[in-house]
Number of protein chains: 2
Amino acid sequence: MSGAAASRFSVQRKERLLEQLRVDGAVSVRELSELLGVSEMTVRRDINDLARQGLITRVHGGATLRSALDRTVAGREPGDGGFNRYTLGMVVPSLDYYWPQIVNGARMAAVQAGARVILRGSMYDARDNRRQIQALLDTAGVHGILAGPETAGPEGHELLRWLDSLPIPVVLTERRPARGVITTRLESVSTDHGHGAEGALLHLRAAGHERIGLLAARTSPTAGPVRRSWMEVLRLLGQEPAQTIDDDANDCDGPKSAAFMDTVLERCRKTGTTALLVHPDRQAVRFVQHCVDRGVRVPDDLAVVAYDDEVAHLGQPAISAVRPPKSWVGKVAVELLVARLEEGAARPLHHVQLEPELIVRDSSVPGGRGADADRAAPAEASVTTEVTTKGTV
Amino acid sequence: MSGAAASRFSVQRKERLLEQLRVDGAVSVRELSELLGVSEMTVRRDINDLARQGLITRVHGGATLRSALDRTVAGREPGDGGFNRYTLGMVVPSLDYYWPQIVNGARMAAVQAGARVILRGSMYDARDNRRQIQALLDTAGVHGILAGPETAGPEGHELLRWLDSLPIPVVLTERRPARGVITTRLESVSTDHGHGAEGALLHLRAAGHERIGLLAARTSPTAGPVRRSWMEVLRLLGQEPAQTIDDDANDCDGPKSAAFMDTVLERCRKTGTTALLVHPDRQAVRFVQHCVDRGVRVPDDLAVVAYDDEVAHLGQPAISAVRPPKSWVGKVAVELLVARLEEGAARPLHHVQLEPELIVRDSSVPGGRGADADRAAPAEASVTTEVTTKGTV
DNA sequence: TTGACATTGTTCGTTTCTGTTCGAGTGCGT
DNA sequence: ACGCACTCGAACAGAAACGAACAATGTCAA
């Protein structure tokens with residue numbers, strides 16, 4: 001077969017491997033050989049190549065991120081004579097959803113920069129955020145803080161002001177200073193969720209969908225920008241939110257989920273909604289599952305794009321998804337913080353936004369691949385193909 | 001004309017190849033030879049040419065977008081003395097105001113990164129911007145573009161779309177993609193002028209000024225965010241723009257300038273306006289000069305903060321000013337572009353905003369820090385005063 | 001027209017990539 | 001100890017891709 005655009009050449013396989021490593025921290029030969037559709041021997045050869053370059057560390061059965069214990073090749077980065085020049089405290093609101101990848105990226109960047117990350121888990125709650133950060137400050141020798149705190153509400157604002165006043169540099173991670181809060185020293189790295197959602201919506205629009213609904217988990221900080229973008233795109237298309245779906249994706253879970261999703265499907269029928277953006281992807285998987293159970297064909301009867309890409313590839317069919325560059329957020333955050341520590345106040349404050357990419361799978365366009373990719377492909381593909389685009393249109 | 005090193009057809013083929021690469025991320029020799037109707041050998045020759053220029057990554061069987069794993073060019077580059085790995089084209093709208101420092105920062109960063117910058121001056125005009133950028137594209141061996149184009153209006157939007165579609169990476173410099181224009185590949189570095197203006201206004205507010213006016217050069221792209229911030233801060237202070245000054249600073253120049261400035265002073269008296277933000281600083285110098293001529297004491301009778309800091313230190317008294325981090329804008333732009341060239345498409349799109357700093361001199365607070373403040377410009381970074389964070393409304 | 005030059009196509013021996021096979025090594029439970 | 005399950009990698013082989021050399025074609029100027 002020649003249609004697999006995902007990884008035709010060895011370089012692409014290796015990039016895919018590294019990407020997987022960034023996400024999971026480890027890969028197995030077996031997994032990869034299935035994922036990429038090549039023999040295990042080939043995967044081993046790739047791993048050996050990369051290990052020889054010092055980019056990864058070989059382990060029995062697979063590979064991991066380059067480890068400090070790996071002495072096989074002189075590490076490409078002069079981690080510097082001084083091994084841990086800086087100690088960075090990091091506080092994240094969750095240790096099992098979304099944030100592990102950010103932490104991973106931060107860890108890797110820290111190793112590169114000769115720094116050490118001390119991690120503390122917290123909650124989506126300003127008071128606890130502050131407690132955890134205070135604990136880090138009380139730890140001797142912490143040079144800077146990476147924090148993904150609650151920024152909304154009076155308590156969030158107060159927390160931001162407190163962070164702004166700390167004696168050591170602080171980089172907001174996957175957060176921005178809230179509007180209306182005066183900050184003069186905070187820096188930030190965050191994903192441009194609004195733009196990500198816009199990309200997904202325009203992709204659906206380009207696939208011919210006129211009426212596009214939204215299921216977003218209202219409790220998440222991500223939902224805000226996503227929903228705002230959705231409303232803006234609707235406005236561009238000359239539509240009213242009331243004419244389609246705008247519900248809370250959290251309801252796709254729990255005892256009443258079946259009834260809820262039935263209601264959504266019913267409303268899709270009534271309003272002529274043919275596409276949905278679902279946030280987060282766990283709920284998208286649930287929802288697509290439900291569609292299949294009810295005989296609603298995806299994407300023919302209803303196209304679905306997930307916002308976030310933790311499990312979207314496991315959906316049946318595999319779900320197209322917007323993938324925030326999580327590990328990069330962590331990486332850039334560490335780089336900003338280390339640069340601040342090295343260069344001091346002469347360096348202007350940085351605010352970085354990173355854009356998500358849209359992973360087109362099978363749930364958004366018939367045939368599994370966008371009409372945007374006009375290629376005479378032999379349609380014979382039993383293995384799910386993944387196409388990565390830097391956006392749509 | 002016979003001067004071209006490569007034939008017209010060869011160029012077209014290569015453009016087509018890059019185009020295909022942009023869509024798919026990879027091309028195979030076989031596919032391409034069929035698609036273009038030429039022999040495989042010819043395609044290989046094209047691929048080798050482009051790879052030698054560092055524009056793509058050669059792989060067995062075809063080519064991919066430049067990959068971080070591609071070590072071929074990074075190692076050796078025959079001819080160029082060995083160290084200019086990349087050639088970056090830069091187009092700026094002015095060569096005598098504001099932009100020289102940005103260009104400087106870019107130049108320095110380029111040297112650091114082993115790159116070379118080719119500069120072209122243009123105008124504040126979309127059509128000419130495009131002409132100049134096209135000229136750079138026609139220059140053989142340009143790997144990426146730094147541009148500070150016109151982004152407003154239909155022509156600006158069209159220009160952005162065109163930039164977004166170029167086969168080589170583009171970093172907008174001191175510009176952002178306009179709202180409402182769909183871009184999927186542009187990156188950007190810009191100053192957060194809004195935040196800068198906010199800092200100046202809050203500084204004046206903290207110094208006790210209740211009613212603060214604005215003189216902004218309406219023709220400048222910077223004026224937009226500055227004025228928006230000003231209006232927002234006024235709103236926070238519970239005031240109306242109409243109750244104070246909001247005029248065009250351009251009128252401080254030219255034959256009728258004296259009359260204009262007298263009118264402004266008169267209106268300040270009438271409305272009880274005790275402070276002004278003036279953009280740009282040249283006009284601020286003129287205005288302060290006029291105040292002194294008319295016996296209006298600065299800062300006692302009227303406080304002035306300039307937006308921008310090219311000549312503000314030459315004012316009598318020295319004028320407090322918001323200083324955009326110009327050379328940093330150039331530096332970060334080059335860093336983004338080089339990183340994109342090195343790491344390829346796996347790197348997410350970056351949008352960076354840098355914050356200006358407020359240089360407090362003698363025109364905004366009585367008893368400011370006179371003589372030593374304007375001696376060594378770089379040293380002033382440490383003199384920057386923080387804006388009060390409490391008590392505003 | 002002719003000759004110099006550039007570009008493209010063809011041939012064919014060489015190289016690269018990948019899958020398969022199979023013996024060796026490792027850890028684990030019985 | 002033993003077998004078992006697993007992984008690893010050397011060795012081989014087929015297919016495909018590569019590129020040097022040469023041939024063919026087209027372009028331009030004298």
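These values consider heavy atoms only, across backbone and side chains, with no hydrogens, waters or symmetry-generated copies. Just so it is clear: chains get the letters A, B, ... in the order the sequence lines come, proteins before strands, and each one is counted from 1. All values derive from a computational prediction rather than experimental measurement.
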Enquirer: Are the side chains of A:Phe9 and B:Thr64 in contact, using a 4.5 Å heavy-atom criterion?
Expert: yes
Enquirer: Could you state the atom-to-atom distance from CD of B:Glu40 to C1' of D:dA20 in whole Å?
Expert: 16 Å
Enquirer: Grab the CG-P distance between A:Asp49 and C:dT16 for me, whole Å please.
Expert: 13 Å
Enquirer: For A:Arg58 and D:dG9, is the shortest distance between a side-chain N/O and OP1 or OP2 below 4.0 Å?
Expert: yes
Enquirer: CZ of A:Arg8 versus P of C:dC17: gap in Å, rounded?
Expert: 16 Å
Enquirer: Checking contacts here: which listed nucleotide (D:dA20, D:dC18, C:dT18) is nearest the side-chain heavy atoms of B:Val29?
Expert: D:dC18
Enquirer: Specify the separation, in whole Å, of atom CD of B:Glu34 and atom C1' of C:dG9.
Expert: 16 Å
Enquirer: Categorize A:Val43 for me: base, sugar-phosphate, or nothing, with a 4.0 angstrom heavy-atom threshold over every strand shown.
Expert: nothing
Enquirer: In sequence, state the C-alpha distance, the side-chain angles, and the governing distance for B:Leu32 and B:Leu17, and then conclude on side chain to side chain contact (heavy atoms under 4.5 Å, CB included).
Expert: CA-CA 8 Å; B:Leu32 219 58; B:Leu17 191 156; 3.4 Å; yes
Enquirer: Where each residue is assigned the nucleotide of DNA chain C containing its nearest heavy atom, which of B:Ser39 and A:Thr42 is assigned the position nearer the 5′ end?
Expert: B:Ser39
Enquirer: Is A:Lys326 close to A:Trp99 at the side-chain level, that is, under 4.5 Å between some pair of heavy atoms?
Expert: no
Enquirer: May I ask you to evaluate whether B:Arg44 reaches the phosphate of D:dG19, defined as a side-chain N or O under 4.0 Å from OP1 or OP2?
Expert: no
Enquirer: When you match A:His60 and B:Val59 each to their closest nucleotide on DNA chain D, which lands nearer the 5' end?
Expert: A:His60
Enquirer: May I have the distance from B:Met41 (atom CE) to D:dT25 (atom P), rounded to whole angstrom?
Expert: 19 Å
Enquirer: State whether A:Arg30 places a side-chain N or O below 4.0 Å from either non-bridging phosphate oxygen (OP1 or OP2) of D:dT7.
Expert: yes
Enquirer: For a quick test of reading the model, state the closest non-hydrogen atom pair linking B:Val170 to B:Leu163 and the distance between them.
Expert: CG2-O, 3.8 Å
Enquirer: Starting at CG of A:Leu32 and ending at P of D:dT7, how long is that distance when rounded to a whole Å?
Expert: 13 Å
Enquirer: Donor-acceptor pair, A:His313 side chain versus A:Ala321 backbone, under 3.5 Å?
Expert: no
Enquirer: Using atom CG of B:Asn48 as one end and atom C1' of D:dG19 as the other, report the distance to the nearest whole Å.
Expert: 9 Å
Enquirer: How long is the line joining CG of B:Leu36 and P of C:dG9, in whole Å?
Expert: 10 Å
Enquirer: Is the phosphate of C:dG19, meaning OP1 or OP2, less than 4.0 Å from a side-chain N or O of A:Arg45?
Expert: no
